[in-house]
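The structure appears right after this line, and notes come after that.
For the single chain, residues carry numbers from 1 onward in sequence order. Side chains are part of it too, since the values below use all heavy atoms of this structure and drop only hydrogens, waters and symmetry mates.
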Amino acid sequence: ENPDVLCIATGAAASVPKMVKNPKAVTPWDVIAGDVEIGKKIVVYDPLSNNHGVGIVEFLFDTYGDIKVHFITPHSEMAANSKNENKDILLRRLLKENLKITPYMALVEATKESLVFNMIYTDKKLTIKDGDFDNLIYTGHLSSVDELFWEFQAEKGKEVFRLGDAKAPGDVELAIHDAERVARTV
């Protein structure tokens with residue numbers, strides 16, 4: 001086959017932002033896949049306060065048992081975008097575990113020596129030194145999987161479009177609108 005138009009929608013993959021320079025930083029997918037060794041003291045940073053954060057916390061307790069998890073988010077609560085009835089059941093279960101939740105804190109620096117968080121409403125800082133945590137699990141950050149787009153972009157005579165997360169990580173609704181826009185132009 002030799003199509004005139006290619007639409008590449010290869011999605012996105014979990015990643016750690018480039019500003020995070022701590023070698024202990026991993027993604028939830030690294031943990032779930034068993035690609036990293038999990039220690040006893042874990043920091044979970046969830047900048048979006050979505051289901052990924054609370055999901056990895058649940059996975060950690062179910063899989064590793066006797067651990068300490070410090071969940072940090074710039075939002076007012078854990079799993080802020082989850083339905084209340086689901087959140088209540090989950091939090092009732094997780095709060096029986098060794099879980100500490102710190103809201104309103106944004107990660108501003110992650111070096112080999114420490115993690116530094118700023119309170120979003122004040123100038124209060126929270127610093128966690130290297131020896132005080134074994135893993136930093138960074139949730140909610142995605143990078144486009146767009147290698148296939150660039151491969152086909154190099155071919156002459158084909159119109160190639162990147163759609164959805166392959167263009168820029170977002171949500172399903174944005175991907176649908178992006179696809180509709182491209183479909184109208186083809």
Inset, instruction - Report yes if the side chains of L60 and I38 come closer than 4.5 Å at any heavy-atom pair, otherwise no. - result: yes
Inset, instruction - Treat each ILVMFWY residue as a node, draw an edge where side-chain heavy atoms are under 4.5 Å apart, and state whether V108 and Y121 are in one component. - result: no
Inset, instruction - Could you walk me through whether Y45 and F71 pass ring-ring contact (aromatic ring centres under 6.0 Å, His included), step by step? - result: CA-CA 6 Å; Y45 180 62; F71 182 89; 8.7 Å; no
Legend entry - Expected output: side-chain N135 to main-chain G39 donor-acceptor under 3.5 Å: yes
Legend entry - Close side-chain approach of V116 to L126, heavy-atom, < 4.5 Å: no
Legend entry - Common cluster, I137/I32, ILVMFWY with side-chain heavy-atom separation under 4.5 Å: yes
Inset, instruction - Flag yes if V20 and V44 sit in one hydrophobic cluster, no otherwise; membership is Ile, Leu, Val, Met, Phe, Trp, Tyr, and two members link when side-chain heavy atoms are under 4.5 Å apart. - result: no
Legend entry - Heavy-atom closest contact (H70 atom, I128 atom, distance): ND1-CD1, 4.1 Å
Inset, instruction - Could you grab the distance from atom OH of Y138 to atom CE of M19, nearest 0.5 Å is fine? - result: 6.5 Å
Legend entry - Check: V182 main-chain N/O paired with T185 side-chain donor or acceptor under 3.5 Å: yes
Inset, instruction - First locate atom CD1 of I72, then atom CE of M78, and finally report the distance between them rounded to the nearest 0.5 Å. - result: 11.0 Å
Inset, instruction - Provide the closest heavy-atom pair for K100 versus T102 in the form atom of the first, atom of the second, distance. - result: CE-OG1, 3.9 Å
Legend entry - CD1-NZ distance between I67 and K40, expressed to the nearest 0.5 angstrom: 8.0 Å
Legend entry - Check: D62 side chain, F59 main-chain N or O, donor-acceptor pair, under 3.5 Å: no
Legend entry - Smallest separation among heavy atoms of S143 and S15, with atom names: OG-OG, 2.7 Å
Legend entry - Shortest non-hydrogen contact between D46 and P74, atoms and distance: O-CD, 3.6 Å
Inset, instruction - Report yes if the side chains of V43 and L115 come closer than 4.5 Å at any heavy-atom pair, otherwise no. - result: yes
Legend entry - Backbone of P47 reached by a side-chain donor or acceptor of H75 within 3.5 Å: yes
Legend entry - Heavy-atom closest contact (T139 atom, P28 atom, distance): CG2-CG, 3.5 Å
Inset, instruction - Examine I56 and L99 and state if one hydrophobic cluster contains both, with Ile, Leu, Val, Met, Phe, Trp and Tyr joined whenever side-chain heavy atoms are less than 4.5 Å apart. - result: yes
Inset, instruction - Would you confirm whether D165, through its side chain, and S144, through its main-chain N or O, come within 3.5 Å as a donor-acceptor pair? - result: no
Inset, instruction - Indicate yes or no: at least one non-hydrogen side-chain atom of D146 is less than 4.5 angstrom from one of I8. - result: no
Legend entry - Electrostatic pair K112:D130 at N-O distance under 4.0 angstrom: no
Legend entry - Single-linkage hydrophobic cluster I42~V16, side-chain heavy atoms < 4.5 angstrom: no
Inset, instruction - Could you tell me whether R181 and D178 make a salt bridge, using a distance below 4.0 angstrom between a side-chain N and a carboxylate O? - result: yes
Inset, instruction - In sequence, state the C-alpha distance, the side-chain angles, and the governing distance for V36 and V31, and then conclude on side-chain contact (heavy atoms from CB on, under 4.5 Å). - result: CA-CA 6 Å; V36 295; V31 175; 4.0 Å; yes
Legend entry - Non-hydrogen side-chain atoms of F161 and L6 separated by less than 4.5 Å: no
Inset, instruction - Would you give the length of the straight line joining atom CZ of F149 to atom SG of C7, rounded to the nearest 0.5 angstrom? - result: 11.0 Å
Legend entry - E109/K21 ion pair, N-O < 4.0 Å: no
Inset, instruction - Dump the intermediate steps for side-chain contact (heavy atoms from CB on, under 4.5 Å) on R162 and W150, then the final yes or no. - result: CA-CA 9 Å; R162 265 190 304 183; W150 295 111; 3.9 Å; yes
Legend entry - Side-chain donor-acceptor contact under 3.5 Å, N118 with K125: yes
Legend entry - Greater than 12 external heavy atoms within 6.0 Å of K41's NZ: yes
Legend entry - Note: K24-D134 ion pair, threshold 4.0 Å (strictly below): no
Legend entry - From CD (E58) to CG (N51), nearest 0.5 Å: 10.5 Å
Inset, instruction - Decide yes or no for V54 and L94: does some side-chain heavy atom of the first lie under 4.5 Å from some side-chain heavy atom of the second? - result: yes
Legend entry - Non-hydrogen atoms of A79 and S49 that approach each other most closely: N-OG, 3.2 Å
Legend entry - Non-hydrogen side-chain atoms of V69 and Y64 separated by less than 4.5 Å: no
Legend entry - From N86 atom CG to L90 atom CG, the distance as rounded to the nearest 0.5 Å: 8.5 Å
Inset, instruction - Verify the neighbour count for atom CD of E180: are there more than 12 heavy atoms of other residues, nucleotides or ligands below 6.0 Å? - result: yes
Legend entry - Beyond-backbone contact of L95 with I101, side-chain heavy atoms, under 4.5 angstrom: yes
